[in-house]
J.: 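Take this structure, written in structure tokens, and hold onto it; I'll ask about it next.
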Amino acid sequence: MPIAIRLAAGSDASLVLTALRDVAERHEALRTYYPDDGDGPRQVVRPTDTVLVDVPARTVPEHHLDDAVAAIAGQGFDVAADVPIRAALLSVEESGDTVVVVAVHHISMDGWSLDPLVRDFAFAHASRTAGHAPTWPRLRAQYGQYSVWNRATVDAVADEQLSFWTSVLGERDTALAELPSDFPRPAVQSMTTDAVPFEIGPDLHAGIRELA
């Protein structure tokens, strides 16, 4: 999920980077990666001083700015090995403006998160420009704390439901899982997918819209 924030000419790059790290310090989810040790992924929160250490900066002409932002946003993530955030600073050749490009993996942010992320960065940058660290209210919970609560409450209900359906289905649940497939189920989920191209004609499309 990419974000591009344009700052006026003369912005201090070091203050921009400090503000970004202030935001990463505030939100543990931006510093969390998910290694898989064979028993499934787990959350590991990295210290702030190990995040956004290498933030590239370069100058681009205005007419290449969109392409440069798209190139930064289009790079992939490996959230099993590193944190789900990266950033770059682009200086616009003609105006001297600084464009802060931030990309966050969807595992740590959704559409509702865009506003608070930009708002927190703007507040942190204004504070650093004024010569002090941001002073914001403490968050009610970090995502790791929410996960613990979710496991204790929501998962408990799910366990009850699982026990109920296991008792209802009995031995039949094994047969239900033996569906025909092109390839045998791997011992460890590979997450490998494929694409199946197809076309929808105008009549079918019109029928789908009418039904919807």
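The first residue of the sequence shown is numbered 1, and numbering continues consecutively from there.
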J.: State, with a plain yes or no, whether a side-chain heavy atom of S113 is found less than 4.5 Å away from one of D110.
T.: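 They are in contact (side-chain heavy atoms under 4.5 Å apart), so the answer is yes.
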J.: Can you see which heavy atom on G96 is nearest to which on S91, and at what distance?
T.: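 That would be O-OG, 4.4 Å.
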J.: Determine yes or no for a side-chain-to-main-chain donor-acceptor pair under 3.5 angstrom, with T50 supplying the side chain and R46 the backbone.
T.: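 Answer holds: no.
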J.: Apply side-chain contact (heavy atoms from CB on, under 4.5 Å) to V16 and F121, showing your working.
T.: CA-CA 9 Å; V16 172; F121 169 75; 4.1 Å; yes
J.: In this structure, are over 12 heavy atoms from other groups packed under 6.0 Å from R151 atom CZ?
T.: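 No, not enclosed.
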J.: Is any side-chain heavy atom of D97 less than 4.5 Å from a side-chain heavy atom of L7?
T.: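 With C-beta onward as the side chain, the pair stays apart.
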J.: So which of D66, L65, I72 actually passes side chain to side chain contact (heavy atoms under 4.5 Å, CB included) with V69?
T.: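 It is L65; the other options fail the test.
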J.: Measure the CD1-CE distance between I107 and M1 for me, rounded to the nearest 0.5 Å.
T.: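 The CD1 atom of I107 sits 13.5 Å away from the CE atom of M1.
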J.: Got a donor-acceptor contact below 3.5 angstrom from the S127 side chain to the F123 backbone?
T.: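 Yes, because the side chain of S127 sits within donor-acceptor range (under 3.5 Å) of the backbone of F123.
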J.: Check whether S167 reaches the backbone of F164 with its side chain - one donor and one acceptor, N or O, closer than 3.5 Å.
T.: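 Judged by distance alone, yes, a pair lies under 3.5 Å.
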J.: If I compare all heavy atoms of S14 with all of D12, which pair ends up nearest, and what's the gap?
T.: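 Heavy atoms of S14 and D12 come nearest at OG-OD1, 2.6 Å.
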J.: Looking at R6 and V99, would you say the former's side chain and the latter's main chain have a donor-acceptor pair under 3.5 Å?
T.: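 Absent.
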J.: From L90 CG over to T98 OG1, what is the distance, rounded to the nearest 0.5 angstrom?
T.: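 Rounded to the nearest 0.5 Å, the CG-OG1 separation comes out at 9.0 Å.
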J.: When you compare the side chain of R26 with that of L139, does any pair of heavy atoms fall below 4.5 Å?
T.: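 Counting from C-beta outward, L139 and R26 do come under 4.5 Å.
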J.: Between A68 and R58, what is the shortest heavy-atom contact and its length?
T.: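 Answer, listing the atom of A68 first, then R58: CB-NH2, 3.5 Å.
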J.: Are V45 and V79 connected in the hydrophobic side-chain network, where two residues link if heavy atoms are under 4.5 Å apart?
T.: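 Shared cluster, no.
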J.: Do I3 and V100 share a hydrophobic cluster (ILVMFWY, side-chain heavy atoms under 4.5 Å, transitive)?
T.: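 Linked within one cluster.
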J.: Give the cluster check for L52 versus V101: same hydrophobic cluster or not, with ILVMFWY residues linked at side-chain heavy-atom distances below 4.5 Å.
T.: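 Shared cluster, no.
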J.: Just checking, is any N or O donor in the side chain of D120 or H27 under 3.5 Å from an acceptor N or O on the other one?
T.: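 Looking only at side-chain atoms, H27 and D120 do form a donor-acceptor pair, the distance falling under 3.5 Å.
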J.: Can you tell me how far apart CG (D22) and CH2 (W136) are? Round to the nearest 0.5 Å.
T.: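 With rounding to 0.5 Å, CG (D22) is 5.5 Å from CH2 (W136).
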J.: Roughly how far apart are T48 OG1 and L30 CG, rounded to 0.5 Å?
T.: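 With rounding to 0.5 Å, OG1 (T48) is 10.0 Å from CG (L30).
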J.: Taking H106 for its side chain and M109 for its backbone only, find out whether a donor-acceptor pair lies under 3.5 Å.
T.: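 Yes, because the side chain of H106 sits within donor-acceptor range (under 3.5 Å) of the backbone of M109.
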J.: So do L17 and L89 actually touch side chain to side chain, heavy atoms under 4.5 Å?
T.: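 SC-SC contact between L89 and L17 confirmed.
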J.: Can you tell if the side chain of Y33 reaches within under 4.5 Å of the side chain of Q43, non-hydrogen atoms only?
T.: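 Y33 does not reach Q43 side chain to side chain.
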J.: To the nearest 0.5 Å, how far apart are CD in E210 and NE2 in H205?
T.: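 Between E210 CD and H205 NE2, I get 12.5 Å after rounding to 0.5 Å.
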J.: For E62, is there any backbone N or O sitting under 3.5 Å from a side-chain donor or acceptor partner on E94?
T.: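 Checking the backbone N and O of E62 against the side chain of E94, a donor-acceptor pair under 3.5 Å is found.
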J.: Would S147 and N150 count as having a side-chain donor-acceptor pair, cut-off 3.5 Å?
T.: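 Checked: S147/N150 side chains show no N/O donor-acceptor pair below 3.5 Å.
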J.: Mind checking whether I85 and V102 have side chains closer than 4.5 Å, heavy atoms only?
T.: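 SC-SC contact between I85 and V102 confirmed.
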J.: Using modelled atom types and a 3.5 Å cut-off, is there a donor and acceptor pairing between side-chain atoms of R128 and backbone atoms of L15?
T.: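 No, the answer is negative, given that no donor and acceptor are paired below the 3.5 Å cut-off.
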J.: Side chains of M191 and T193: closer than 4.5 Å at any heavy-atom pair?
T.: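 When only atoms from C-beta onward are counted, T193 and M191 do not touch, as no gap falls below 4.5 Å.
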J.: Once you round to the nearest 0.5 Å, how far does CD of E28 lie from OH of Y143?
T.: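 Nearest 0.5 Å value for the CD-OH distance: 13.0 Å.
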J.: Determine the minimum heavy-atom distance between A103 and A73, stating which atoms define it.
T.: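 Heavy atoms of A103 and A73 come nearest at CB-CA, 4.5 Å.
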J.: What pair of heavy atoms forms the shortest contact from A9 to S95, and how long is it?
T.: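 In terms of heavy atoms, the two residues are closest at CB-O, 3.4 Å.
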J.: Around atom CD of Q75, are there more than 12 heavy atoms of other residues, nucleotides or ligands at under 6.0 Å?
T.: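 Enclosed.
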J.: Check the pair V23 / L117 against side-chain contact (heavy atoms from CB on, under 4.5 Å), numbers first and verdict last.
T.: CA-CA 8 Å; V23 176; L117 181 64; 3.4 Å; yes
J.: Would a distance-only check, ignoring hydrogens and angles, find a side-chain to backbone donor-acceptor pair under 3.5 Å from E160 to V157?
T.: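 Between the backbone of V157 and the side chain of E160 there is no qualifying donor-acceptor contact (under 3.5 Å).
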J.: Check the pair F198, I200 against side-chain contact (heavy atoms from CB on, under 4.5 Å), reporting the backbone distance first and the verdict last.
T.: CA-CA 7 Å; F198 64 93; I200 295 178; 3.9 Å; yes
J.: Assess R42 against Y34: is NZ or CZ under 6.0 Å from the centre of the six-membered ring, and within 45 degrees of the ring's axis?
T.: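 The answer is no; the distance or angle limit is not met.
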J.: Tell me the closest heavy-atom pair linking A87 and P56, and the distance in Å.
T.: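 What the structure gives for the nearest pair is O-CD, 3.4 Å.
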